[in-house]
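As structure tokens, the structure follows; a few thoughts come after it.
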2 protein chains.
Amino acid sequence: MSALQRRTPKAEARAESQRERILDAAQKCFIEQGFQGAGMALIAETAGISTGLTYRYFDSKSAIMLAIIARELEGKRARIEELCGGDDFLAAVLEKFRAWQAGSADVMNAALFLEMSAEASRSPEILEAIRKSDALVLGEFEGWLRRDRSAGGLGMPAGDASRRALLMQCLIEGLVVRAARDPDLDADAVGRALAPVFEQLGFTTPGTTRP
Amino acid sequence: MSALQRRTPKAEARAESQRERILDAAQKCFIEQGFQGAGMALIAETAGISTGLTYRYFDSKSAIMLAIIARELEGKRARIEELCGGDDFLAAVLEKFRAWQAGSADVMNAALFLEMSAEASRSPEILEAIRKSDALVLGEFEGWLRRDRSAGGLGMPAGDASRRALLMQCLIEGLVVRAARDPDLDADAVGRALAPVFEQLGFTTPGTTRP
DNA sequence: AAATAATGAATGAACGTTCATTCTACACGG
DNA sequence: CCGTGTAGAATGAACGTTCATTCATTATTT
């Protein structure tokens, strides 16, 4: 991102930590004010540094945006395994839903997710980054569905797996939207709405969750 | 919206058409540049009027945003009936999906939808408007599911109807996200992913859509 | 002539970005 | 162990734009 070349590894490590500090601040600002609404001055102030210093670590505001998006996509990809890992998939999804509603810091932020998605229709660069990441997530999910039950998967035939992975992608993205548009919606009600579908698709064995 | 009082009905009619002309232009700009990215100068130019004149019809840019959101919500509510009306619900949904992908003018725009949803987490006013509208849409949908088959409904028991309406709301919102994030995704593939769920929930009688 | 509609230049604030300057930490000759 | 040189880190004021908004002025309608 930054054109600067660091000499010593120690300096490079510090530079990296500075970059992360800026990204943390930028993410907070972008969530609170939107991509275009947050100014460089606010980002710098939030990071506890001067405005000018920001440009030592990033070439432009747009570079920060792209870095935030890349980081968010990577985080989402990393966290998809948490969903597949557990033994109660529905419960795991509902837990995420509650976190999205609360705007919890350790989850992909719903507003940021929505703004990224909207921005994809304006910037081909962002669209491509999102598309690649989504394809990876979808593939990982599909892999989980196909993998043998003995290997922690669900042992579905290939066709079913790909169809259901796509369906689940839509459903989860829909839940993010819902969390943003109705932060007080009862998560249990969502659970009751999802349960029959999850059962039919084989994600949840009937009785795992209370009826 | 505007503080101005019109004297004659004729003048009022013209003022109304001017307001709509401004809203049309603003909507186009907001879609192309985002809420914060589009400036008043661009909006006025797109509407074919001067910058200053805009303020005769709207108090502020934020007032235009709110009007656009209100209008979008109203349009969405009006179009929900198209979905319920037809005899092939799945096909109707897929048609909408294709329109979202293409950014067709006669449908709620996906990017605008996403930006509105993101903005809801920042403005209580927008959140409330969205919540109220969503509740209406959900209620209408639920009503369709509960209504007797003889009256064009699906004749579901109350509990089922409310659960399935919520599920469908999530699913459809998820499809909007997907359309924005993958404008080239094959709509038929989406159809194959949705079909089994729609069948199970009773939205589509098996065989209505090609297998 | 009176009232309304429309203009577009003016306004001050805020924007992203740059840059001359200062600060800080560490290397090295003494 | 001490100045002292030096390079990188950090500053914050300044730059040119652009922003939303206002207003004195002109055009159009009634």
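So that the names make sense, note that chain A is the first sequence line, chain B the second, and so on, each numbered from 1.
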* Quick one: NZ on Lys96(B) to CZ on Arg79(B), what's the gap to the nearest 0.5 Å? -> 6.0 Å
* To do: Give, for atom NZ of Lys28(A) and atom CD1 of Ile68(A), the distance between the pair rounded to the nearest 0.5 Å.
  => 13.0 Å
* Near-strand residues of residues 32-44 of chain B, defined as heavy-atom separation under 4.0 angstrom from DNA chain C -> none
* Structure fact -> Residue pair Ser62(A)/Ser50(B) against DNA chain C: nearer the 5' end by closest nucleotide is Ser50(B)
Compare all side-chain heavy atoms of [X] with those of [Y] and state whether any distance is below 4.5 angstrom.
{"X": "Leu114(B)", "Y": "Phe113(A)", "result": "no"}
{"X": "Glu173(A)", "Y": "Val177(A)", "result": "no"}
{"X": "Arg98(A)", "Y": "Asp188(A)", "result": "yes"}

Could you state the [atom1]-[atom2] distance from [X] to [N], rounded to the nearest angstrom?
{"X": "Ile49(A)", "N": "dT22(C)", "atom1": "CD1", "atom2": "P", "answer": "21 Å"}
{"X": "Leu53(A)", "N": "dC23(C)", "atom1": "CG", "atom2": "C1'", "answer": "12 Å"}
{"X": "Tyr57(B)", "N": "dT4(C)", "atom1": "OH", "atom2": "C1'", "answer": "9 Å"}
{"X": "Glu45(A)", "N": "dA14(C)", "atom1": "CD", "atom2": "C1'", "answer": "14 Å"}
{"X": "Gln18(B)", "N": "dT7(C)", "atom1": "CD", "atom2": "P", "answer": "9 Å"}

* Structure fact -> Contacts of Ile130(A) meeting side-chain contact (heavy atoms from CB on, under 4.5 Å) (sequence neighbours excluded), chain-then-number -> Leu73(A), Met116(A), Ala120(A), Ile126(A), Asp134(A), Arg181(B)
* Of all the choices, dT11(D), dT17(C), dG8(D), which nucleotide is nearest to the side chain of Lys61(A) once you look at every atom? -> dT17(C)
* Listed nucleotide nearest any side-chain atom of Tyr55(A), set dG8(D), dT18(C), dT22(D) -> dT18(C)
* Would you kindly say whether Gln36(B) and Gln33(A) are connected by a side-chain donor-acceptor distance under 3.5 Å? => no
* Of Val176(B), Leu185(B), Leu194(B), which meets side chain to side chain contact (heavy atoms under 4.5 Å, CB included) against Phe97(B)? -> Leu185(B)
* Asked: How are the rings of Phe203(B) and Trp144(B) set to each other: parallel, tilted or perpendicular (split at 30° and 60°)?
  -> parallel
* To do: Look at all strands and tell whether Ser60(A) reaches a base, only sugar-phosphate, or nothing, counting heavy atoms closer than 4.0 Å.
  => sugar-phosphate
* Structure fact -> Listing for DNA chain C: consecutive Watson-Crick or G-U pair runs of at least 3, distance cutoff 3.5 Å, ranges ordered by first number, gives C:1-30 with D:1-30
